[in-house]
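Here the structure comes first, spelled out in structure tokens, and everything after it is commentary.
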Amino acid sequence: QVQLVESGGGLVQSGGSLRLSCRVSGTIFNIYAMGWHRQAPGKQRELVASIAPDDTPYYADSVKGRFTISRDNTKNTVFLQLNSLKTEDTAVYYCNYGLGIIPDRNYWGQGTQVTVSS
């Protein structure tokens, strides 16, 4: 059984920071890509950041320079550091394991709410 458990969301003022964590259990971790997606009310779920097994990152243009994705393979955990938060960053943030790069390796966490107040 593959389980992804996110934590670290909350309410923060504009310009503030949060660090999201996603712990993966029940499967091998280090050889698969990980990603963070977000979904705001009335919008499609979008990829925010991803990290490859070799630590190569990807960031959506909207978060470049503000968010940092990292992984700790000794803890089976992926992190997303959110800095300089804006109100438009408000969304439910979802951790993803595998990103479907390998067929059938595509699992989601339950999501963690990030709310940025003005």
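Values below: every heavy atom of this structure, side chains too, minus hydrogens, waters and symmetry copies.
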Looking at every non-hydrogen atom in both residues, tell me the closest pair between [X] and [Y] and how far apart they are.
X     : Y     : value
Leu80 : Ala49 : CD1-CB, 4.0 Å
Leu47 : Ser50 : CD1-CB, 4.4 Å
Gln39 : Ala91 : O-CB, 3.4 Å
Arg66 : Ser62 : NH2-O, 2.9 Å
Leu18 : Gly8  : CD2-O, 3.8 Å
Ser17 : Gln81 : CB-NE2, 4.0 Å

Contact check, side chains of [X] and [Y], non-hydrogen atoms, under 4.5 Å:
X     : Y      : result
Tyr59 : Ile69  : yes
Trp36 : Glu6   : yes
Cys95 : Met34  : yes
Ser25 : Arg23  : yes
Ser70 : Arg19  : no
Leu20 : Val114 : yes

Worksheet entry | Enclosure of Glu88 CD (heavy-atom neighbours >12, cutoff 6.0 Å) |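 Yes, the 6.0 Å shell around CD holds more than 12 heavy atoms from other groups.
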Worksheet item: Taking atom CG of Asp104 as the centre, does the number of heavy atoms from other residues, nucleotides or ligands within less than 6.0 Å exceed 12?
Response: no
Worksheet item: About how many Å separate CG of Asn30 and CG of Asp72, when rounded to the nearest 0.5 Å?
Response: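 Going from CG on Asp72 over to CG on Asn30, the span is 11.5 Å.
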Worksheet item: Atom CD in Gln3, atom CG in Asn76: separation rounded to 0.5 Å?
Response: 12.5 Å
Item to complete: Return yes if some donor-acceptor pair links the side-chain N/O of Ser14 with the main-chain N/O of Ser117 below 3.5 Å, else return no.
Response: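 Between the backbone of Ser117 and the side chain of Ser14 there is a qualifying donor-acceptor contact (under 3.5 Å).
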Worksheet item: Under the 3.5 angstrom rule, does the side chain of Thr90 hit a backbone N or O of Val116 as a donor-acceptor pair?
Response: yes
Worksheet entry | Ring-face cation contact, Tyr32 with Arg105, 6.0 Å cut, 45° max | yes
Item to complete: Determine, for Phe29 and Arg71, whether the Lys NZ or Arg CZ falls below 6.0 Å from the six-membered ring centre while staying within 45 degrees of the axis.
Response: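 Pair Arg71/Phe29 counts as cation-pi.
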Worksheet item: Taking Cys22 as the fixed residue, which of Asn96, Thr112, Val78 is the one that meets the side-chain contact (heavy atoms from CB on, under 4.5 Å) rule?
Response: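 Among Asn96, Thr112, Val78, the one meeting side-chain contact (heavy atoms from CB on, under 4.5 Å) with Cys22 is Val78.
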Is it the case that one hydrophobic cluster holds both [X] and [Y], taking links as side-chain heavy atoms less than 4.5 Å apart, direct or via other members?
X     : Y      : result
Val24 : Ile102 : yes
Phe67 : Phe79  : no
Ile51 : Ile101 : no

Worksheet item: With a 4.0 Å cut-off, would you call Lys86 and Asp89 a salt bridge?
Response: no
Discussion item. Among Trp108, Tyr94, Tyr93, Tyr97, which residue satisfies the ring-ring contact (aromatic ring centres under 6.0 Å, His included) criterion with His37?
Written reply: Trp108
